[in-house]
Student: 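I have a structure I would like to understand better, so I am pasting it below and will then ask my questions one at a time.
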Amino acid sequence: MDAERAWSYAMQLKMEANTEPRKRFHLLSRLRKAVKYAEELERLCDSDRVDAKTKLEAQAYMAYLNGMLQFENQHWEDAMKAFNKCKTIYEKLASAFTDEQAVLYNQRVDEISPNIRYCAYNIGDKTAMNELMQMRLRTGGTEGLMAEKLEALISQTRAKQAATMSEVEWRGRTVPVKIDKVRIFLLGLADTEAAIAQAEDEETKERLFETVLSECRDAIQGVREELKSEQRQRDVLLDGETGKVSNIQFLHSYLSHIKLSTAIRRNESMASALQKALLRQPQAEEDGKRSPRPQDLIRLYDIILQNLAELTQLPGLEDDQSFQKEIALKTLVYKAYRCFFIAQSYVLVKKWSEALVLYDRVLKYAKEVRNKAGDGKKSLKDLPDVQDLIMQVNAEKYSMHAAAILDSSEVPEDISPLQVKESKPLSDRLDNFFLDPSLVTKHASLVRFPPDFQPIPCKPLFFDLALNHVALPSLEDKLEQKSKSGLTGYIKGIFGFRS
């Protein structure tokens, strides 16, 4: 218990020493205390009353704590000897007992192996780094102390290698690398790419892709800070005539290219997994999970096309014709696949004409890719096969034609008149009987209201056509008498004398 208490306190101090370096002295003191208690335990176990298994476990425990002390003191050869002794004892114990007990001993061996390889690397074994990467790959997507230890050891190894790295060459231009974060990231990039190629399951690939993207973002952030300080002193363009960008700006473009290319590969890997899941759709539905749809793939290809558009706008690559042609060719390939899955989504909703037009567009994109590729087959080696897409589209077109014909010739089955839902009101179907539950609700359709307009006869119009043919009597004599009456007639009218 004393040894475990001292060791656990030392591990706590090791975490705190990352921000407070002075605690490292206390860490070493606690480890020495743990080794002292482990030596005393080994002496106590060296007795006839203790069985052989306990003696070996005490020796392995002592060797492990001594190896940890030498490891922290950076005495690599002594640490490696102690760890090897501990590993040998645990391997012997694992082979001597049942499988259930062997699991615990093998787990201890797996925990010690990364430390041994790291010690070997510091002694001068150049293959140790590759073995550390293989160990990380075998851990898969697991988390915990083992994965954290491997990541820490790999980071320390890369930091040592980064001291010798001074420049990087890309697109025919050599750029000096002075930022430590960028050096460490570029050194580990090749190892991580190899691990991605060897990964067997999608979870491990996804985790490794996320690791690359996270490290790349940190490296880009460091370059941006350097770029800001440079832009305060001078313009980004070093040569106004040629338009050549500065080294730090070109390094930023290189890292951005790595980030966008990795994102494209990750989305392409996810799209490939979704395409396989689409073929296993019935099984997925039985498991109760949401089955993948073509819309999911459309979204992934949209993101890929967006990343390709960003690649064409990187500073320093606008005039690189071979690079621009390569990106244009990749854009056509991913456009073809995106268009294909849009057509698939239209087929699911039985929009045959829209799907047919989109299938023709896919063939158009695929033919453009084959025509533009020409001798540049290298640019297509990492892309999905266009020829397979053409064959798949032709097959889907025939299948879609058959489905459209069957859909148009479908005849509805005979339905019982008692189950027919009629939209006519009751007053218009009194001679036809069937069950209509809506008649007993508040919204029963009894009559049409308001009623429909019906034609009725108009009111007759009479025209007096005879008036034009009537000869009216002359009234001229009446008009003359009235004009001759004058003043005399007026006076007679006053006094009441009328003729």
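Computed over heavy atoms, backbone and side chain alike; hydrogens, waters and symmetry mates excluded.
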Student: So that I can tick it off, tell me whether Lys23 and Glu20 are bridged by a salt bridge, with the cut-off set at under 4.0 angstrom between side-chain N and carboxylate O.
Tutor: yes
Student: With no hydrogens and no angle check, is any side-chain donor or acceptor of Arg361 less than 3.5 Å from a backbone partner on Cys339?
Tutor: no
Student: Check whether the ring centres of Trp7 and Tyr37 lie less than 6.0 Å apart, and answer yes or no.
Tutor: no
Student: Where do Val35 and Leu65 come nearest, in terms of heavy atoms and distance?
Tutor: CG2-O, 3.5 Å
Student: Closer than 4.0 angstrom, basic N to acidic O: yes or no for Glu226 and Lys178?
Tutor: no
Student: Take Ser269 and Glu202 through the side-chain contact (heavy atoms from CB on, under 4.5 Å) test and state the conclusion after the steps.
Tutor: CA-CA 8 Å; Ser269 176; Glu202 294 298 327; 3.0 Å; yes
Student: Within a strict 4.5 Å, meaning less than it, do heavy atoms of the Met391 and Gln387 side chains meet?
Tutor: yes
Student: Could you check whether Arg171 makes a cation-pi contact with Phe323, meaning its NZ or CZ is under 6.0 Å from the centre of the six-membered ring and within 45° of the ring axis?
Tutor: no
Student: Do the side chain of Glu318 and the main chain of Gly316 share a donor and acceptor less than 3.5 angstrom apart?
Tutor: yes
Student: Are there over 12 heavy-atom neighbours, none belonging to Tyr61, within less than 6.0 Å of that residue's OH?
Tutor: yes
Student: State the CD1-CZ distance between Ile112 and Phe83, to the nearest 0.5 angstrom.
Tutor: 7.5 Å
Student: Out of curiosity, Lys205 NZ to Glu210 CD, how far, rounded to the nearest 0.5 Å?
Tutor: 14.5 Å
Student: Would you sort out whether Gln324 and Thr312 count as a side-chain hydrogen bond (donor to acceptor under 3.5 Å, both in side chains), showing the intermediate values?
Tutor: CA-CA 6 Å; Gln324 296 293 337; Thr312 59; 4.9 Å; no
Student: Nearest 0.5 Å, please: how far is CD1 in Ile116 from CH2 in Trp76?
Tutor: 13.5 Å
Student: Are any of the side-chain nitrogens in Arg265 or Glu193 under 4.0 Å away from the carboxylate oxygens of its partner?
Tutor: yes
Student: Side-chain contact, heavy-atom cut-off 4.5 Å: Tyr359 with Asn394?
Tutor: no
Student: What are the two closest heavy atoms between Ala366 and Ile390, and how far apart are they?
Tutor: CB-CG1, 3.6 Å
Student: Judged by atom type as modelled, is there a donor-acceptor pair below 3.5 Å linking the side chain of Asn371 to the main-chain atoms of Lys367?
Tutor: yes
Student: Pair Tyr254, Leu186 - check side-chain contact (heavy atoms from CB on, under 4.5 Å), show working.
Tutor: CA-CA 11 Å; Tyr254 175 49; Leu186 293 177; 3.8 Å; yes
Student: Looking at every non-hydrogen atom in both residues, tell me the closest pair between Leu389 and Ala336 and how far apart they are.
Tutor: CD2-CB, 3.8 Å
Student: Apply side-chain contact (heavy atoms from CB on, under 4.5 Å) to the pair Leu311 and Ile264, showing each step before the final yes or no.
Tutor: CA-CA 11 Å; Leu311 280 174; Ile264 290 171; 4.1 Å; yes
Student: What verdict does the salt bridge (Lys or Arg N to Asp or Glu O under 4.0 Å) test give for Asp360 and Lys397, after you've listed the backbone C-alpha separation in whole Å, the side-chain angles of each residue and the deciding distance to 0.1 Å?
Tutor: CA-CA 9 Å; Asp360 291 336; Lys397 285 177 70 176; 3.0 Å; yes
Student: Ring pair (Phe, Tyr, Trp, His ring centres under 6.0 Å) with His26: which residues, sequence neighbours excluded?
Tutor: Tyr9
Student: How about His75 and Leu69: do any of their side-chain heavy atoms sit closer than 4.5 Å?
Tutor: no
Student: Rounded to the nearest 0.5 Å, how far does CZ of Arg207 lie from CD of Glu203?
Tutor: 9.5 Å
Student: For the residue pair Tyr301 and Phe341, does the interplanar ring angle fall in the parallel (under 30°), tilted (30 to 60°) or perpendicular (over 60°) class?
Tutor: parallel
Student: How close do Leu358 and Ile342 get, counting heavy atoms only, and between which atoms?
Tutor: CD1-CG2, 3.5 Å
Student: Given Lys330 and Glu326, is the salt bridge (Lys or Arg N to Asp or Glu O under 4.0 Å) satisfied, shown in steps?
Tutor: CA-CA 6 Å; Lys330 291 181 178 180; Glu326 181 182 345; 3.5 Å; yes
Student: Please evaluate residues Ser322 and Asp320 with respect to the criterion side-chain hydrogen bond (donor to acceptor under 3.5 Å, both in side chains), reporting the C-alpha separation (whole Å), side-chain torsions for both, the decisive distance (0.1 Å), and the verdict.
Tutor: CA-CA 6 Å; Ser322 63; Asp320 192 337; 2.9 Å; yes
Student: For the CG atom of Asn84 and the CD1 atom of Ile89, what is their distance to the nearest 0.5 Å?
Tutor: 11.0 Å
Student: Does any non-hydrogen side-chain atom of Leu227 lie less than 4.5 Å from one of Leu251?
Tutor: no
Student: Please report the closest heavy-atom contact between Ile196 and Leu208, naming both atoms and the distance.
Tutor: CG1-CB, 3.6 Å
Student: Test the Arg108-Tyr64 pair against the cation-pi criterion, namely NZ or CZ under 6.0 angstrom from the six-membered ring centroid and within 45° of the ring axis.
Tutor: yes
Student: So if I apply the side chain to side chain contact (heavy atoms under 4.5 Å, CB included) rule between Gln12 and each of Lys14, Glu16, Met15, which one comes out positive?
Tutor: Glu16
Student: Charged N to carboxylate O below 4.0 Å: is that the case for Glu215 and Lys181?
Tutor: no
Student: With distance as the sole test, does Ser272 use its side chain to make a donor-acceptor pair with the main-chain N or O of Glu268 at under 3.5 Å?
Tutor: no
Student: Does Arg299 reach the side chain of Ile303, with side-chain heavy atoms less than 4.5 Å apart?
Tutor: yes
Student: Do any pairs count as a side chain to side chain donor-acceptor pair (under 3.5 Å) and have a residue in residues 38-59, sequence neighbours left out, and if so which ones?
Tutor: Asp51-Thr54, Glu57-Tyr105
Student: May I ask you to test the Phe185-Asp218 pair for a side-chain heavy-atom distance under 4.5 Å?
Tutor: no
Student: Can you check side-chain contact (heavy atoms from CB on, under 4.5 Å) on Glu225 and Gln221, steps first, answer last?
Tutor: CA-CA 6 Å; Glu225 294 173 0; Gln221 184 60 34; 3.7 Å; yes
Student: Quick check: are there more than 12 heavy atoms from other residues, nucleotides or ligands sitting under 6.0 Å from CE of Met11?
Tutor: yes
Student: Which heavy atom of Leu213 sits nearest to which heavy atom of Ala263, and what is that distance?
Tutor: CD2-N, 4.0 Å
